[in-house]
Structure formats: C-alpha cells, structure tokens
There are 2 protein chains.
Amino acid sequence: MGAGESTTAKRADARRNEKALLDAAAAVFVSDGVDAPVRRIAAEAGVGMGTIYRHFPTRADLVVAVYRHQVDACAEAGPALLASAESPFAALRQWVDLFVDFLVTKHGLAAATRNDPDGFATLHGLFLERLLPVLTDILAAARAAGEIVDVPAYQLLRAIGDICAGAERVDPDYDAKLTIRLLLDGIRG
Amino acid sequence: MGAGESTTAKRADARRNEKALLDAAAAVFVSDGVDAPVRRIAAEAGVGMGTIYRHFPTRADLVVAVYRHQVDACAEAGPALLASAESPFAALRQWVDLFVDFLVTKHGLAAATRNDPDGFATLHGLFLERLLPVLTDILAAARAAGEIVDVPAYQLLRAIGDICAGAERVDPDYDAKLTIRLLLDGIRG
DNA sequence: GAATATACGGAGCAGTGTTCCGTTTGGCAA
DNA sequence: TTGCCAAACGGAACACTGCTCCGTATATTC
C-alpha cells in the first residue's frame, strides 16, 4: 500500500472520453442546467450511457469535476481579500460576493444538490473541504477585530448556499443578495 | 355571471373522492414527503389515476388544498401576536417562529415547490395571498416603532422560505432557526 | 325506470435514471 | 508485425414516474 503511481495508467481512449464528458457536461450544464438528462450529456460528448456512468458514477461526481477549479479559485481568493481589504468584515463581504456569484451563475446547482442525499454529500464535501477553511479564517479575523458575533463558519456557508439555491428562480421582486447583506448585518456585533 | 350556487352541485361520489384524496395525500405527505408518487396517493385513497388529476390537476393544487387551513391559522395568528407581544419586533419574532415551524414540519414542501415552475406559482400564490398581508402589517408596525430598517415583506417572506427549504435535510451542525435569528438581527435598525 | 351528464379507472405513452453484457479496442509481449 | 486480453465502450433493456385518454359505471333527473 501507499505509493501513488500504482498499477496501470488509464487507457488513452478512457482519458479522451473523460475529457469529452467534462467539456460536454460543462456546455450542457450552462444551456440546460445541472439537471440535464444523462442521455443528453452522453450524446453531447458522443459516448454511450455506460461510459458516462463508468467515469462518473453519480451526477454529483460529474458536477464536482466540472466545477472544481472554480471552487478552487474562490477558495484561493480568500487570503488575498483578507490581506487587501480595509477590514476583515470588508473582506468577508467581498468573499461572500464571490461565492454568491459562483452559486447563482450555476443554474440549478444547489437545487440539484438537494434532490438526492448522496449527491448532496459529494458536492457538500467539496465545499466543506475547500471553502470552509477559508471562511473560517475570515470569520476568525473579523471576530478578533471585534466586528462580528461568534458564528460557526459552516452555519454561514450553508445559509448562503441555501439562500442562493432558493434564488435560482428569477424574480424581479426578490433579491438574494439583499437577503445575504441583511444576514451579514445580522452577524455584525 | 356572478351568483355563487350556480349550475349544479357536485355529484356525491365526487365529493367523497375529493375528501378521500385529501386525507390520503395528507397521510402520504407525512410518511413519504410531498414528492410522493401520484400513483401512491391515488392507491392510498383507493381511486384511479384519472380521478386524482381531475380533482387536482397539478401536484401544487393538492398540496395547497392539504395545507391551506394550516396556512390560514398562521395568517390569523399575526394580528393576535401584534396585539399581545410587548413590541412589534417581538411579535415579528414570534410570527416568524410560527411560519418556520410550519415549513420545517412539511418535509420537502418548499423543495417540491422548486422543481416545477407552475407548482411554484400556485403554492407561492397561497403564501402571497394569505401571509404577505400579515407580515406586511407586522413589519409596518415594527418600522413605525423604529425597531427595524425598511425591508419589503416579500423579501423577508421568501428569504425565510428559502432558508427553510434548504434546511429540510437534517444536519446536527446546521440550525436554520439560528440563520433566521441572525437575519432578523440584520433587519433590526 | 329510462336518459344523460358526470365521474371513474386504469391502460398506455413518453421521459428519465441505472444496469448489464456482448462487442470493440488500446497496449503489450512475442 | 501479429496476437492476445484486460480495459473500455455502447446502447438495449428494465424500472419507475408523470400525465392523458377514452370506454365504462353511476348519480341524478324527469
């Protein structure tokens, strides 16, 4: 056990198909939402049903693979904002804006998440792993500066996620960003 | 046009089946969630597929019919709370608690809402019609007392709805009521 | 006791997720 | 180069669901 290079490299066609699936999924997610039929994604990638399930056993696996680097970007922006903003709370605002923008542009992302408990866990895992530490640091800084009350990072992260999930339906009379602004006001000490 | 008693009364078997469907739906919603298959509800009521669709063309119609009186109760509690609470903001807190309790006990209610745009409109219509006026009054009173900033009732109503919708999945580390408490703190002036 | 509008039931169609297995193909050894 | 075989593929097939449609049954009326 242990060493990474392990048994055998993936076959060339397998690598090619995985790439094709990622590209196809990204395109279809944009045009049809993350709930798009599996068949549609497979067709777009020019592969069969079996292939898509072999590479990405669950829909969440595919979603995570497609969006991973965007989540990474969001995570990496955290420390920079903390360093550049005029206060930790300002950094918090800006970082939350980033996160919200990511969520609302992925139509149906959070909603899709909600449908099956397993997919929930997978996608949630990504957020927890990449974003929670970042938010925790920002909140700690703001807390240390006496700008906010004590609130668990997970609590805030998920609140934002849920609010954005609900806001995926367009409605001129509802502004999710306002809700989040009010929520941030609420945690201000 | 106009007069209500109108053409002819419904047939006795139709009335009976509608009642049976409401009872069956209420039971199935509790055990299987509001997403329960139509066939299941029909079977529970001992009627055919056609009958359920004739009485309740969309799932949302059935949901609204099942929960209407609970929503009414919530609406009617508003003025009473406003009169008895020690301040309009206290009344707001209490009324929101009522609403949240209603939402979280109806597993999958808001989530089901989210799936189809039409159902969304129907269920939303009920909330808008019954609850929005009540919340508007409470907010106006709190605003007049200088306890809160100006925020549209619809904005708050929907924010709460979305937060509860997301919170339907049980998670010991997340507390939707805390999020809502923070949100209320946020609108406090 | 007919006649008729009303209501019923469930078969059937269409769309989707998921599995399973016969077929193809890439990589490697001879 | 050729032959082998594990790896990978493709899509038919199954299960489940929402929804419609129409032949049948029945409540109501005269």
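Residue numbers start from 1 in every chain, and the chains themselves are labelled A, B, ... in the order their sequence lines are given, proteins ahead of strands.
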Discussion item. Could you tell me how far apart B:Arg59 (CZ) and D:dT20 (P) are, to the nearest whole angstrom?
Written reply: 13 Å
Listing, residues 90-97 of chain A side-chain donor-acceptor contacts under 3.5 Å, not counting sequence neighbours, or none:
| residue | atom | partner | partner atom | Å |
| --- | --- | --- | --- | --- |
| A:Trp95 | NE1 | A:Cys74 | O | 3.0 |

Worksheet item: So, is A:Asn17 close to the D:dA8 phosphate, meaning a side-chain N or O under 4.0 Å from OP1 or OP2?
Response: no
Quick one: list whatever passes ring pair (Phe, Tyr, Trp, His ring centres under 6.0 Å) with [X], sequence neighbours left out.
{"X": "A:Tyr174", "answer": "none"}
{"X": "B:Phe89", "answer": "none"}
{"X": "A:Phe127", "answer": "A:Phe99"}

For [X], which residues count as a salt bridge (Lys or Arg N to Asp or Glu O under 4.0 Å) partner, sequence neighbours excluded?
{"X": "B:Glu129", "answer": "none"}
{"X": "B:Arg54", "answer": "none"}
{"X": "A:Asp175", "answer": "none"}

Response to the item:
Contact string for nucleotides 22-30 of chain C, one letter per nucleotide 5' to 3', B = base within protein heavy-atom range under 4.0 Å, S = sugar-phosphate only, - = neither, reads ---BSS---
Worksheet entry | Interface residues of residues 22-30 of chain B with DNA chain D (non-hydrogen, below 4.0 angstrom) | none
Worksheet item: Residues from residues 38-56 of chain A sitting under 4.0 Å of DNA chain D, heavy atoms only?
Response: A:Arg39, A:Gly46, A:Val47, A:Gly48, A:Met49, A:Gly50, A:Thr51, A:Arg54, A:His55
Practice prompt. Tell me which of B:Pro37 and A:Glu18 sits closer to the 5' end of DNA chain D, going by the nucleotide each one is nearest to.
Written response: A:Glu18
Pair up each side-chain donor or acceptor in residues 36-53 of chain B with any protein partner under 3.5 Å, not counting sequence neighbours, and list the distances.
| residue | atom | partner | partner atom | Å |
| --- | --- | --- | --- | --- |
| B:Arg40 | NE | B:Asp32 | OD2 | 2.4 |

Item to complete: State plainly whether one hydrophobic cluster holds both A:Val66 and A:Val30, where clusters connect Ile, Leu, Val, Met, Phe, Trp and Tyr through side-chain heavy atoms under 4.5 angstrom apart.
Response: no
Discussion item. So, using side-chain hydrogen bond (donor to acceptor under 3.5 Å, both in side chains) as the criterion, who are the partners of B:Arg143 when residues are at least two apart?
Written reply: none
